[in-house]
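The chain is numbered in sequence order, starting from 1.
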Amino acid sequence: MVQVEAIKAYKDNYIWALQGSDNKQVVVVDPGLADAVFDYLKEQGKTLAAILITHHHWDHTTGVEALKQAYPQITVYGPKNSPFTHVDVALGDGDTLSVLGYDFRVRTTPGHTLDHICYIGVGLVFCGDTLFSGGCGRLFEGSAEQMWQSMQVFRALDDNTQVYCTHEYTQANMQFAAASQPNNADVLVYKRQVEAKREQDLNTLPSTIGLEKRINPFLRADEIALSALPPQYRPQQDDAAAKFAALRAWKDNF
């Protein structure tokens with residue numbers, strides 16, 4: 001069983017630490033804060049083996065340079081054609097990599113940024129800011145059509161796949177999920193579960209693909225009725241990409 005632990009950073013970021021089978025090494029995903037990783041490694045008595053980057057935003061990459069200086073032998077994996085310049089191995093759609101004995105397949109998932117990639121392993125996906133539990137990333141660089149196509153990458157995964165996104169946005173996302181899917185019983189159940197966890201300051205992640213397929217409006221845009229959308233966001237055409245764009249615009253102002 002793959003073991004992944006959360007390292008908290010900033011207000012709501014998660015840096016994911018993937019444990020090696022020897023229990024001595026870890027791979028970290030999107031280390032936006034080096035000190036948080038250094039503290040974790042010291043507390044756990046582990047060393048750093050590699051870094052995986054999903055996209056160039058500062059809260060996912062700022063810690064890379066200091067970590068690389070401390071562990072010069074490590075490899076930094078990241079997206080091709082990225083503004084982030086500290087990538088040792090640049091990856092594109094369909095590329096594969098192996099770290100600590102774990103194999104990953106890379107899929108490009110543009111929308112939040114144009115350089116965004118996800119790492120898909122056996123039973124898990126590191127999806128950065130593309131897919132959140134109950135939500136998806138804002139469209140800072142890509143189009144709604146690109147993001148909707150990126151959602152298809154996740155819809156194709158096995159339902160048991162663990163979803164490791166990099167922000168604790170679930171409670172706010174579920175408020176929107178409930179507004180956009182008022183008759184979805186799964187949404188209401190999960191919303192209450194999330195609220196109970198956050199009251200105790202517990203992580204809501206990882207989620208699962210199966211759960212997201214049931215509750216996440218951005219994965220379910222093709223199932224949401226036009227009538228469920230407010231008039232000011234309602235598209236003229238009843239197609240999935242148009243409804244996804246409407247949902248994203250509504251969420252941006254929710």
Side-chain angles (χ1 to χ4, degrees), residues 1-79 82 84-91 95-107 116-133 160-170 197 200-208:
M1 177 67 71
V2 178
Q3 183 180 352
V4 183
E5 294 182 340
I7 303 171
K8 293 185 178 182
Y10 301 115
K11 180 182 177 181
D12 50 36
N13 280 68
Y14 290 123
I15 302 167
W16 296 111
L18 173 66
Q19 311 295 310
S21 58
D22 62 2
N23 204 34
K24 296 178 181 178
Q25 294 180 296
V26 299
V27 171
V28 295
V29 183
D30 286 349
L33 189 64
D35 286 348
V37 177
F38 286 134
D39 290 345
Y40 171 83
L41 294 172
K42 182 178 180 180
E43 291 168 3
Q44 299 295 321
K46 301 181 189 298
T47 60
L48 188 61
I51 295 173
L52 307 183
I53 297 297
T54 62
H55 65 293
H56 65 85
H57 281 167
W58 69 270
D59 58 324
H60 297 251
T61 59
T62 300
V64 171
E65 190 170 2
L67 291 169
K68 184 75 171 179
Q69 289 175 352
Y71 297 92
Q73 78 284 358
I74 67 173
T75 300
V76 180
Y77 298 89
S82 176
F84 183 63
T85 58
H86 295 288
V87 170
D88 299 316
V89 177
L91 300 165
D95 286 343
T96 59
L97 64 147
S98 181
V99 289
L100 296 180
Y102 301 121
D103 295 326
F104 288 94
R105 176 169 52 96
V106 173
R107 293 300 311 272
H116 206 298
I117 61 175
C118 294
Y119 299 86
I120 302 170
V122 175
L124 81 168
V125 56
F126 294 115
C127 52
D129 285 358
T130 302
L131 181 70
F132 295 126
S133 185
N160 293 320
T161 303
Q162 301 276 297
V163 176
Y164 290 95
C165 51
T166 45
H167 288 281
E168 183 56 73
Y169 289 165
T170 315
K197 284 185 177 181
Q200 301 176 64
D201 197 31
L202 298 175
N203 300 353
T204 63
L205 303 170
S207 179
T208 68

Note to self: Is any side-chain heavy atom of Leu91 closer than 4.5 Å to one of Val89?
What the structure shows: yes
Next item on the list: May I ask you to check whether His167 and His60 place their ring centers less than 6.0 Å from one another?
Entry: yes
Next item on the list: Kindly indicate whether the side chain of Phe104, heavy atoms from C-beta on, has any atom under 4.5 Å from the side chain of Leu124.
Entry: yes
Notebook entry, point to check: Taking atom CD of Gln44 and atom CD of Glu5, what is their separation to the nearest 0.5 Å?
Noted result: 5.5 Å
Notebook entry, point to check: Less than 4.5 Å apart, any side-chain heavy atom of Phe126 and any of Val4?
Noted result: yes
Next item on the list: Check the pair Leu33 / Thr62 against side-chain contact (heavy atoms from CB on, under 4.5 Å), numbers first and verdict last.
Entry: CA-CA 6 Å; Leu33 189 64; Thr62 300; over 6 Å; no
Taking distance alone, no hydrogens or angles, what donor-acceptor pairs closer than 3.5 Å link side-chain atoms of residues 63-79 to residues at least two apart or in another chain?
{"residue": "Lys68", "atom": "NZ", "partner": "Ile74", "partner atom": "O", "Å": "2.4"}
{"residue": "Lys68", "atom": "NZ", "partner": "Asp88", "partner atom": "OD2", "Å": "2.8"}

Check: Looking just at side-chain N and O atoms, do Gln162 and Thr208 make a donor-acceptor pair shorter than 3.5 Å?
Finding: no
Margin query: Would Asn13 and Thr166 count as a side chain to side chain donor-acceptor pair (under 3.5 Å) here? Give the steps.
Written below: CA-CA 6 Å; Asn13 280 68; Thr166 45; 5.6 Å; no
Checklist line | Approximate separation, where rounding is to 0.5 Å, of His116 NE2 and Cys127 SG | finding: 7.5 Å
Checklist line | Student check: side-chain heavy atoms of Tyr40 and Val37 closer than 4.5 Å | finding: no
Next item on the list: Step through the shown structure and confirm whether more than 12 heavy atoms of other residues, nucleotides or ligands are within 6.0 Å of NZ on Lys8.
Entry: yes
Next item on the list: For the residue pair Asn203 and Tyr14, establish whether any side-chain heavy-atom pair is separated by less than 4.5 Å.
Entry: yes
Margin query: Using side-chain contact (heavy atoms from CB on, under 4.5 Å), reason through Tyr10 and Ile15 one step at a time and then give a plain yes or no.
Written below: CA-CA 10 Å; Tyr10 301 115; Ile15 302 167; over 6 Å; no
Check: Are any non-hydrogen side-chain atoms of Leu205 and Ser133 less than 4.5 angstrom apart?
Finding: yes
Next item on the list: Give a yes or no on whether the backbone of Gln25 and the side-chain of Asp22 come within a donor-acceptor separation of less than 3.5 Å.
Entry: yes
Item checked: Test item: Trp16 side-chain N/O and Cys165 main-chain N/O as donor-acceptor pair under 3.5 Å -> yes
Check: For Gln19, does its backbone N or O pair with a side-chain atom of Tyr102 as donor and acceptor, under 3.5 Å?
Finding: yes
Checklist line | Rounded distance [0.5 Å steps], SG in Cys118 versus CG in Leu131 | finding: 8.0 Å
Margin query: Could you walk me through whether Lys46 and Asn23 satisfy the side-chain contact (heavy atoms from CB on, under 4.5 Å) test, starting with their C-alpha distance in whole Å, then the side-chain angles of each, then the deciding distance to 0.1 Å, before giving a yes or no?
Written below: CA-CA 8 Å; Lys46 301 181 189 298; Asn23 204 34; 3.1 Å; yes
Note to self: Going by side-chain hydrogen bond (donor to acceptor under 3.5 Å, both in side chains), name the pairs with one or both residues in residues 117-128, residues two or more places apart or in two chains.
What the structure shows: none
Next item on the list: Dump the intermediate steps for side-chain contact (heavy atoms from CB on, under 4.5 Å) on Leu48 and Leu41, then the final yes or no.
Entry: CA-CA 8 Å; Leu48 188 61; Leu41 294 172; 4.1 Å; yes
Margin query: Can you give me the closest heavy-atom contact between Ile7 and Ala36, atom names plus distance?
Written below: CG2-O, 3.6 Å
Margin query: So, taking the atom named CG in Leu18 and the one named CG in Leu100, what distance separates them when rounded to the nearest 0.5 Å?
Written below: 6.0 Å
Item checked: Spacing of Leu97 atom CG and Asp103 atom CG [to the nearest 0.5 Å] -> 8.0 Å
Note to self: Once rounded to the nearest 0.5 Å, what's the spacing between atom CG of Asp30 and atom OG1 of Thr54?
What the structure shows: 3.5 Å
